[in-house]
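Working notes for the structure below.
Numbers restart at 1 for each chain; the letters A, B, ... are given by sequence-line order, proteins then strands.
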2 protein chains.
Amino acid sequence: MAEKVTITDVAKAAGVSRQTVSNTLNSPEVVREETRKHVLEVIERLGYRANQAAIQMRTGRSRLIAIGIEPDGDGISGSWADRFLHSLSETAAQEGYRILLYTAADDPSEIATYEDLLGAYKPDAFVLTGTHHDDLRASWLLERGLPFVAFGRPWSDLPDARHPWVDVDGAAGTEAATRHLLAAGHRRIGFIGWPPGSGVGDDRREGWARTLRDQDRGQELGGLQRAVEDGIAAGESAARDLLAADPGVTALVCASDSLALGALQAREPARPVAVIGFDDTPAARAVGLSSVHQPLGEAAAACVELLARALESPDAGPPSAHVLLAPTLTIRQSA
Amino acid sequence: MAEKVTITDVAKAAGVSRQTVSNTLNSPEVVREETRKHVLEVIERLGYRANQAAIQMRTGRSRLIAIGIEPDGDGISGSWADRFLHSLSETAAQEGYRILLYTAADDPSEIATYEDLLGAYKPDAFVLTGTHHDDLRASWLLERGLPFVAFGRPWSDLPDARHPWVDVDGAAGTEAATRHLLAAGHRRIGFIGWPPGSGVGDDRREGWARTLRDQDRGQELGGLQRAVEDGIAAGESAARDLLAADPGVTALVCASDSLALGALQAREPARPVAVIGFDDTPAARAVGLSSVHQPLGEAAAACVELLARALESPDAGPPSAHVLLAPTLTIRQSA
DNA sequence: GTGAAAGCGCTAACAA
DNA sequence: TTGTTAGCGCTTTCAC
């Protein structure tokens with residue numbers, strides 16, 4: 001097993017040439033059924049595994065997918081990497097790929113890492129997370145025609161920013177949250193989100209806004225929302241402010257669980273307020289906070305699938321396929 | 001950059017043989033200072049990176065460290081992988097290694113993955129997480145003399161279970177928590193943990209127990225503790241039960257944040273009870289739960305260091321070095 | 001201190 | 001359909 005058995009050993013044991021063994025594995029259709037079966041049997045018996053380094057030298061393909069992992073911010077909204085990585089790794093393995101991990105603090109250092117990786121391990125593709133406006137990484141990869149998929153939409157609409165991506169429909173999530181609250185009888189529903197311009201945040205706000213507009217065309221949304229940096233403390237003061245300014249508000253939709261956790265603390269005993277967060281983090285589960293749940297497992301699987309497809313047929317048209325997944329609403333005590 | 005530049009290109013550009021380039025990189029002391037500098041300069045200028053696959057073919061070393069990632073349980077106590085992986089990846093990169101990810105549901109399938117990996121990518125070493133009694137993985141690796149480090153002590157005292165490991169001193173953590181509570185004036189301090197036999201859980205209980213014994217030699221600890229499976233609900237009912245059974249209890253130390261979160265909910269307005277959890281998860285931060293904080297970054301760094309040292313000198317004695325890190329106490333509102 | 005030759009395990013071309 | 005040859009980029013002898 002650990003005592004490396006090479007293709008030559010298999011060939012010898014099976015009484016065929018090395019080539020036939022290779023063909024059995026890589027172009028089965030070219031080998032006679034009988035021979036193929038026999039070779040496969042010997043491979044199994046000997047526990048043969050093709051040496052990836054040798055394959056890479058010959059074919060240039062490493063069957064490695066590289067992904068960067070960032071340090072999470074406050075640790076509350078940031079702990080999605082876990083589930084994503086697990087699923088990514090699992091799906092990749094099914095497709096015959098392995099995941100190579102790297103860290104980078106910002107775009108430039110991530111690009112430097114690409115150069116390193118490309119020179120040494122030559123990953124077949126990259127997975128980008130946390131895409132943002134003017135993403136240097138995407139343009140760098142695009143320029144060089146390197147295969148990659150982004151988890152997150154390309155927020156800049158550069159004409160050449162066409163690449164495969166997978167994302168969760170944030171607007172659909174906040175829309176579902178808002179609809180749920182409307183159905184529960186709430187009429188004035190506030191929104192606590194991030195300052196405009198962040199892509200992800202704007203998207204989440206939009207789902208709330210369009211649902212209210214849809215419900216009551218004349219409704220003035222300005223006073224119903226607050227925009228602050230992410231964080232529990234910020235969420236709390238924003239919620240306090242909003243609730244004080246509009247006594248009619250009975251429910252809040254938030255752009256993150258951090259903000260929602262803060263909103264929860266802003267409530268007064270005399271005035272129950274329903275709160276729904278976003279991300280369905282462990283913290284939300286812990287305190288009974290309703291939250292929009294992102295299908296991270298599916299997202300990761302979609303990333304791998306897109307990549308695998310692109311890698312199988314490198315020539316097949318513009319690789320700009322994308323997948324937009326719908327989040328689900330997890331209802332707990334808070335709403 | 002992406003246009004592969006090989007050692008031959010460097011040799012040509014520098015006007016030396018490929019050999020000299022290789023030596024400059026791998027045995028600098030054997031190359032004349034002047035030549036070395038010149039070659040290094042050319043390498044820099046050309047952006048040369050040694051092809052890892054070729055190196056691996058020749059030397060058998062992949063500079064890859066493999067680590068398994070498990071799906072987390074309730075997601076509260078389980079989300080430490082994030083921080084650990086980040087640090088692992090970062091430290092590894094500094095030492096010239098990269099992290100290869102894999103998933104496995106249980107010991108046997110993890111072992112099957114080892115065989116796969118060893119056959120194909122040939123990682124230089126493995127990092128084991130979640131070690132437990134009778135760990136099949138450790139014995140399998142040990143048997144074959146494959147380098148690995150465990151994050152977690154070898155809980156079985158098999159005579160040959162000697163391998164490098166890194167762990168966090170759970171007992172020291174609960175001891176610190178208990179001492180903190182004693183210093184705050186608490187006298188009857190309860191403990192909510194897991195059923196005996198889990199290694200990690202026993203260790204955490206011991207820190208609490210020895211501190212109380214130390215404080216008050218005659219104290220009967222039996223009634224002050226409860227053992228349940230991990231989870232918020234279990235923690236809540238255990239705490240309720242314990243508090244009802246002993247009206248003198250004013251503080252609780254818990255073996256996990258999940259249990260502590262439950263204990264928090266078991267409190268009655270009329271009876272304030274201090275609670276301290278374990279793991280310092282995002283959820284703890286979110287609700288203001290004091291908790292024992294594990295230095296995961298350092299732990300990961302220690303793993304890499306141990307591995308790197310073992311890999312540099314494969315012959316240097318029994319590779320049974322270990323590192324036991326002290327956790328810290330993060331105090332918040334709950335205690 | 002530097003160069004030449006060999007070969008790691010594999011597969012793409014070609015020949016049989 | 002199967003076998004033979006060559007060579008991917010690197011390091012490790014061993015001459016020089």
Using a strict threshold of under 4.0 Å (side-chain N to carboxylate O), is an ion pair present between A:Arg49 and B:Asp116?
yes
What is the nucleic acid contact for A:Ala53, judged by heavy atoms within less than 4.0 Å: base, sugar-phosphate only, or nothing?
nothing
Polar pair under 3.5 Å, donor/acceptor by atom type, side chain A:Arg18, base D:dT4:
no
Between B:Gln19 and B:Ala54, name the one whose nearest nucleotide on DNA chain C is closer to the 5' end.
B:Gln19
Using heavy-atom distances to pick each residue's nearest nucleotide on DNA chain C, tell me which of B:Thr20 and A:Thr6 is more 5'.
B:Thr20
Hey, is the side chain of [X] poking within less than 4.0 Å of OP1 or OP2 on [N], counting only N and O atoms?
| X | N | value |
| --- | --- | --- |
| B:Thr35 | C:dT2 | yes |
| B:Ser22 | D:dT11 | yes |
| B:Arg32 | C:dT2 | yes |
| B:Asn51 | D:dC10 | no |

Please report the distance, rounded to the nearest Å, between [atom1] in [X] and [atom2] in [N].
| X | N | atom1 | atom2 | value |
| --- | --- | --- | --- | --- |
| A:Arg49 | C:dC10 | CZ | P | 13 Å |
| A:Arg61 | D:dC8 | CZ | C1' | 16 Å |
| B:Arg58 | D:dG7 | CZ | P | 18 Å |
| B:Gln56 | C:dG7 | CD | C1' | 16 Å |
| B:Met57 | C:dA6 | CE | P | 17 Å |

So, do B:Phe151 and B:Trp165 have ring centers that fall under 6.0 Å from each other?
no
Assess the side chains of A:Glu90 and A:His86: does a donor N or O sit below 3.5 Å from an acceptor N or O?
yes
Note, B:Ile55 side chain near B:Asn51 side chain (heavy atom, < 4.5 Å):
no
